[in-house]
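Below is one structure, written out as structure tokens; the observations come after it.
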Protein chains: 2
Amino acid sequence: MIKYILLGFLNYQPMTGYDLKQSIDHSTAHFWHAHHSQIYTTLRQMEQEGLVTSQFIYLEGEPNRRVYTITEGGKIELKSWLEQPMLEMSAIKEDFLVRIFFSGQREPEKVLTELRLQMALHQEKLETYRAISDIDQNVKLHPHLKRDAAFWHMTLNMGIGYEELYISWLKDTIKMVESLNG
Amino acid sequence: MIKYILLGFLNYQPMTGYDLKQSIDHSTAHFWHAHHSQIYTTLRQMEQEGLVTSQFIYLEGEPNRRVYTITEGGKIELKSWLEQPMLEMSAIKEDFLVRIFFSGQREPEKVLTELRLQMALHQEKLETYRAISDIDQNVKLHPHLKRDAAFWHMTLNMGIGYEELYISWLKDTIKMVESLNG
DNA sequence: CATGCCATGTAAGGGGTTACATGATTTT
DNA sequence: AAAATCATGTAACCCCTTACATGGCATG
């Protein structure tokens, strides 16, 4: 999967592994993240497969950078992946819910502490999502990406909706646990 | 993670790998699933670690079954995992959103087809969640699991909320894509 | 008679995480 | 002077997926 994300970003413009990590962190991370180690190694693989090319750039007074550029082969790979429709639902994995599922024997107070911590984390996340204005700035700079931006917005909306749902669910769950001792 | 799910279920009662697969499919699967191959191999590992014991049961006219029982060590392992609070948000991975994120250059009609397919899948999923009555039946049979059932219900509620959110988001996204050609 | 369900495993491989490793520049 | 950011990489490992493999029983 990370392969297609890298191709997707490189299809907009040549970038370094570091840039790609930044792009992911600021956009797809809420539905797909990656560590820099995976990004660098995957880019190397992709270069061997002929999906991207790279140039190493040395500049005095600046750090060395390896800039990756998508090839025609890479563009075809990306397109054919996008053309092939997904026929199943994506299966998600959410470890916190596993913990809640098996929390029946735990001390309610400890569960509450954990729920309130998650509440704080999700509220913070929601605020960062709401503060995102990168997309519109990007469109101003690159008007030809207007259509892409509409799709980026939709995934951001999903992120916001998800955090709102999560917060609302945490509130309900906190109420439920509070009532256990009452 | 699957280790703790298996311990969690075995903490209720001894079960076979097959039973565990069934339990997961009917409860945690919407936030954590596993293939039978992983379940069987993990149970073997857990036996070597002393977290569970197993007995092989041969009965004429019935298939062979290997029943796993949680040990004291397994109970301690489960408890200590539950006691240690999770300090971060769980990171989810959702490949369909990756596809949407990079769908700006695709033909809108093809994107619409894919969105409508996902709509059907999520609506079906929502209906199966709403039809679930296993939990209450389980409580009638085992009244001491009443408190556990409250937590099971909360995770089910999250599943329902998630599917409702997804369907609502798909509707919005379909509208957005339809408007691209208009 | 065929499909589906019950039931248990092995093996190969891939994708991803964690840790190790380095070094320059910029900001506080 | 320290901390954060920029920047790139390697290595070990583990979890999980996919595929292979078998065999009996029940149902339509």
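Bear in mind the structure is a predicted one, so any value in this text is a computation, not a measurement. Within every chain, numbering begins at 1; the chains are lettered A, B, ... in the order of the sequence lines, protein sequences first and strands thereafter.
- No donor-acceptor contact under 3.5 Å links the side chain of Ser37(A) to the base of dT17(C).
- Electrostatic pairing of Glu47(B) and Lys3(B) does not count as a salt bridge here, judged by no charged N lying under 4.0 Å from a carboxylate O.
- Atom OH in Tyr68(A) sits about 15 Å away from atom P in dA7(D), given to the nearest Å.
- Look at Thr16(B) and you'll find a side-chain N or O under 4.0 angstrom from OP1 or OP2 of dT8(C).
- Spacing between atom CD of Gln55(B) and atom P of dA7(C) amounts to 16 Å, rounded to whole angstrom units.
- How far CD of Gln13(B) is from CD1 of Ile70(B): 12.0 Å, rounded to the nearest 0.5 Å.
- The closest side-chain heavy-atom distance from Gln118(A) to Phe96(A) is below 4.5 Å.
- As a whole-Å value, the separation of Glu47(B) CD from dT8(C) P is 13 Å.
- Closest contact between the side chain of Phe56(B) and the listed nucleotides dA19(C), dC15(D), dG9(C) involves dG9(C).
- Among the atoms of the strands shown, none is found under 4.0 Å from any heavy atom of Thr42(A).
- Out of dG16(C), dC16(D), dC6(C), the shortest distance to the side chain of Gln22(B) is found at dC6(C).
- Atoms CG (Asn64(A)) and C1' (dG23(C)) sit 10 Å apart, rounded to a whole Å.
- Contact annotation: Tyr18(A) side-chain N/O to dT8(D) OP1/OP2 distance is not under 4.0 Å.
- At a cut-off of 3.5 angstrom, the base of dT8(D) holds at least one donor-acceptor pair with the side chain of His36(A).
- Among the nucleotides dT18(C), dG15(C), dT10(C), the one closest to any side-chain atom of Thr41(B) is dT10(C).
- Atom CD of Gln38(A) and atom C1' of dG9(D) are 15 Å apart (whole Å).
- At a threshold of 4.0 Å, the pair Lys21(A)-Asp25(A) counts as salt-bridged, since one of the basic side-chain nitrogens sits closer than that to a carboxylate oxygen.
- Listed nucleotides dC6(C), dT8(D), dT17(C) differ in distance to His33(A); the shortest reach to its side chain belongs to dT17(C).
- Checking the phosphate oxygens (OP1, OP2) of dG9(C), no side-chain nitrogen or oxygen of Tyr40(B) falls inside 4.0 Å.
- Taking atom NZ on Lys21(A) and atom C1' on dG16(C), their separation rounds to 12 Å, with Å as the unit.
- Between Arg66(B) and dA7(C) there is no side-chain polar atom (N or O) within less than 4.0 angstrom of OP1 or OP2.
- Listed pair Lys93(A) / dT17(D) meets the phosphate criterion, a side-chain N or O lying under 4.0 Å from OP1 or OP2.
- If you measure from atom CG of Leu59(B) to atom C1' of dC25(D), you get 14 Å, rounded to the nearest angstrom.
- Under a 4.0 Å N-O distance rule, the pair Glu164(A)/Arg130(A) qualifies as a salt bridge.
- When the side-chain nitrogen and oxygen atoms of Arg44(A) are compared with OP1 and OP2 of dG9(D), one or more of them lie within a distance under 4.0 Å.
- The distance from atom CD of Gln38(A) to atom CG of Leu6(A), rounded to the nearest 0.5 Å, is 8.0 Å.
- The side chain of His35(A) places no N or O atom within less than 4.0 Å of a non-bridging phosphate oxygen (OP1 or OP2) of dG16(C).
- The distance from atom CG of Leu20(A) to atom P of dA7(D) is 12 Å, rounded to the nearest whole Å.
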